[in-house]
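Counting starts at 1 for both ligands and their atoms, in listed order. Numbers here simply count residues along the sequence, with the first being 1.
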Amino acid sequence: MIISGKELSAKLKAEMAEQVATFPAKYGRVPHLVVILVGEDPGSVSYVTGKAKACEVTGIRNTTIRKPVSITQGELLSLIEELNKDDSVDGILVQLPLPRHISESKVIETICKEKDVDGFHPLNVAALWQKQPCTVACTPKGIIRLLKAAGVTISGKRAVVVGRSNIVGLPVSKLLLDENATVTIAHSRTADLPSVTRSAEILVVAIGRPKFITEDMVSDGTVVIDVGVNRDPQTGKLCGDVDFAAIEPKASVITPVPGGVGPMTICCLMENTIECFIRKMEHSL
Ligand code: GUN
């Protein structure tokens, strides 16, 4: 079964649009998300365009601020600080990766926790690992939604996550653990990786290398979640980390690239923006 993140995200966005439509009467305005894009990286440009489109569909107000790669770290941090203070702004997202002269961790910790729609702020990350209320990172949240919508039971399963990034690998491992899966975190340097991935009943791959997971690495009946977004070196087309054509016949459930996890990430970003907005509005009542 191929699970479509595109379909599920369209349904969830339609529900959010209905909810957002009630906000002007209730709170006097709609949520406002500010997205900052530094430079012209084609991957980042396409993500940011997708985010703007999703805002349009859900009725969320969007401002996209584009800055040249020559912007200094100080200038970017000042911009974030201004947006932190701006009461009309509910969510702030700085598209990653950033040019090498700008520290990503400095940027992430400058966005105030209450407007951190990415869930990357150290206080949000700490709260997640301590099971406290927090903003959950969009991709991991979207993956759990997708698994549940596909009717996959997570509890009691052996899950293997390949990748240990702050954006996907670590938080998705924590969410799977909270759903009572037994989780192994592996990576590109794991010794005998194929024997580890073959033990998975749920396999999540977030490495960023085309066709990194080959047919011999997956057991029959596995649930395969492909988080990779790569260019196929042969065809130049978008592809995941999983050799989809070889593995799809073996998997019980698999996500395609494009159209799998990607749309869910953007959908959960809309949800996080709404959550930040409501929290702020209820707080100031
Ligand atoms: N770059 C790739 N994925 C993400 C994401 O979820 N958030 C941000 N800010 N940048 C990204």
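The shortest N or O to N or O distance between Leu96 and ligand 1 is below 3.5 Å. Not a single N or O atom of Tyr47, backbone or side chain, sits closer than 3.5 Å to an N or O atom of ligand 1. Inclusion of Val94 in the set of residues having an N or O under 3.5 Å from an N or O of ligand 1 is warranted.
The protein non-hydrogen atom at the shortest distance from atom 11 (C) of ligand 1 is Gln95 NE2, 3.4 Å.
Short contacts between ligand 1 and Leu93, defined as distances under 4.0 Å to a heavy atom of the residue, involve ligand atoms 9 (N).
Look at Lys148 and Glu179 and you find a salt bridge, because one of the NZ, NE, NH1 or NH2 atoms lies within 4.0 Å of a carboxylate O, short of that distance. Between Glu75 and Lys67 there is no salt bridge, since none of the side-chain N atoms of the basic residue sits less than 4.0 Å from a carboxylate O of the acidic one. At a threshold of 4.0 Å, the pair Lys115-Glu275 does not count as salt-bridged, since none of the basic side-chain nitrogens sits closer than that to a carboxylate oxygen.
Between the side chains of Asp192 and Thr190, not a single donor N or O lies within less than 3.5 Å of an accepting N or O.
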(request) For the pair Glu215 and Lys250, evaluate salt bridge (charged side-chain N to carboxylate O under 4.0 Å, His left out) and give the outcome as yes or no after the intermediate values. (result) CA-CA 8 Å; Glu215 194 256 329; Lys250 292 181 95 175; 3.1 Å; yes
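Contacts between Asp118 and ligand 1, counted as non-hydrogen atom pairs separated by less than 4.0 Å, involve the side chain only.
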